[in-house]
Undergrad: 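Attaching a single structure in structure tokens format; questions to follow.
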Amino acid sequence: MDIISSRNVVNIIRKTLNLIDDRLIHHGERVSYLLHKMLTCENRYTNEQILSYTFTALLHDIGAYKNEELDKMIQFETVNVWGHSIYGYLFLKYLSPLDDLAEIVLYHHLDYSKLNRLNSPSGKIAGYLNLADRIDVCLMNSENPDIDRLMEDYRDVKFSQEAIDAFKRADEKFHILKHIKDQSYLEELNRIFEEVNFSQNEIEMYLEMLIYSIDFRSEYTVMHTITTVSIADEIGKLMNLKEYERSILHYGALLHDIGKISTPIPILEAPRKLTDEEMNIMKNHVMMSEYILGDYIQPDILEIAIRHHEKLDGSGYYRGLKKEELTLPQKILAIADIISALCGKRSYKESFNKETILNIITRDSANGKVCPDTVDCVICHFDEIMENVNKSTYKPIHIYADIKSKYGNLYKKLVSLV
Ligand SMILES: [Fe+2]
Ligand SMILES: [Fe+2]
Ligand SMILES: [Fe+2]
């Protein structure tokens, strides 16, 4: 059995995306529901294809972490909202198993009249998604939106006749607007996503994509998560954890800072040490991680993820647990998190060298803060650990750098194209 089920991966994604911004709560879910029903009426796609498109639609705004752009996205006239479309596209293309559907996200704000000229194999679904997205924006902005008028006003310009017909058929048959209004679509969406069946590799890819896309809000956090996972993996191996424990440690490490989706960017990116008040806000990320993951992952992974700031003497947060209450994988992640932070470059500090890092963890161990056995293991094998960490983080760190450079090029190309 999978350690985290496919259905719960979808649930974690849904819950996390709903935290991007208050104004986007359930937006991705409503849009994916609308698209699902539009496609179901067409009798042209297999169930599997429809499910892939529906899931892509759920993720369509995954690149939307910049607030300035969010302001524009939720207005009807979407002038220059390429930023989140391009990031969403790059995340799907390079970090998910949905690479062949990524253009659906890239073009989800492109008018039909322009989309038509691009000859993208994903053009049709992108156009449907655009209509579904704009319908939902109208629903969000008005008590009594005139959807027919919206479609008539922009027929053949923003929306194709085909997309409009698909929506009308679906609404007639399934009363989709009514289900959105009374919220019953959420139940149905649960049923739809019960059908997803990801492989172990896909589960891991989706979770990584989710974490990296959150971490994209701040360059420092991306590096931090990638490095923490790898250090935890290495220590777990060296301390002879059983395969199952290594596996839950890996997932706990991957998900440990997921709650940072709610931490304001100026705090994540502060070019200095945080003030007490900022630190208190920062500490909330652990509670948020529990909120996001609590219902959807098994307790042993959850506890690893949310205990990474606990200290053996009870002085950590947010529960102030003591050493008797902490398991070895939990203690390993706490140290991996510290080492990763010390290795990381911040705008106000260079990365620390080996000697400084070992001095700091040795002091923390002597002061009863962190696990002495784990610290001993790190001291004995530091070079080996870091060599393997450099090897295994090489690929994700390069994908990250690549996404950043591709973003700039694509942006120029697309803005000039349309
Ligand atoms: Fe969008
Ligand atoms: Fe959207
Ligand atoms: Fe943390």
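Indexing begins at 1, ligand by ligand and atom by atom, following the structure's order. For this chain, numbers begin at 1 and follow the sequence in order.
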Undergrad: Does any part of the side chain of Asp300, heavy atoms only, come nearer than 4.5 Å to the side chain of Ile304, both counted from C-beta?
TA: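 They are not in side-chain contact.
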Undergrad: Does Asp257 bring an N, O or S atom to under 2.8 Å of the Fe ion (ligand 3)?
TA: yes
Undergrad: Parallel, tilted or perpendicular: which describes the rings of His285 and His309, with under 30° parallel and over 60° perpendicular?
TA: perpendicular
Undergrad: Which distance, rounded to the nearest 0.5 Å, do you find between the CG of Leu19 and the CD1 of Ile258?
TA: 9.0 Å
Undergrad: Quick check on the Fe ion (ligand 1): does His108 put an N/O/S atom closer than 2.8 Å to it?
TA: yes
Undergrad: Is the Tyr87 ring parallel, tilted or perpendicular to the Phe91 ring (thresholds 30°, 60°)?
TA: parallel
Undergrad: I'd like the atom name of the N/O/S atom in His309 lying closest to the Fe ion (ligand 3).
TA: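 Nearest N/O/S atom of His309: NE2.
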Undergrad: Which one of Ile379, Ile385, Val378 satisfies the side chain to side chain contact (heavy atoms under 4.5 Å, CB included) criterion with Phe382?
TA: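 Running side chain to side chain contact (heavy atoms under 4.5 Å, CB included) over Ile379, Ile385, Val378 with Phe382 returns exactly one hit, Val378.
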Undergrad: State, to the nearest 10 degrees, the angle whose vertex is the Fe ion (ligand 3) and whose arms point to NE2 of His308 and NE2 of His285.
TA: 100°
Undergrad: Taking 2.8 Å as the cut-off, does His256 contribute an N, O or S atom near the Fe ion (ligand 3), distance below it?
TA: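 Coordinating: no.
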Undergrad: Do you know which N/O/S atom name in Asp133 is closest to the Fe ion (ligand 2)?
TA: OD1
Undergrad: Test of geometry: compute the angle NE2(His109)-the Fe ion (ligand 1)-OD1(Asp61) and round it to 10°.
TA: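 Vertex at the Fe ion (ligand 1): approximately 180°.
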Undergrad: For residues Phe55 and Tyr206, establish whether the separation of their ring centroids is below 6.0 Å.
TA: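 So the answer is yes for these two rings.
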Undergrad: How is the N/O/S atom of His84 that comes nearest to the Fe ion (ligand 1) named?
TA: NE2
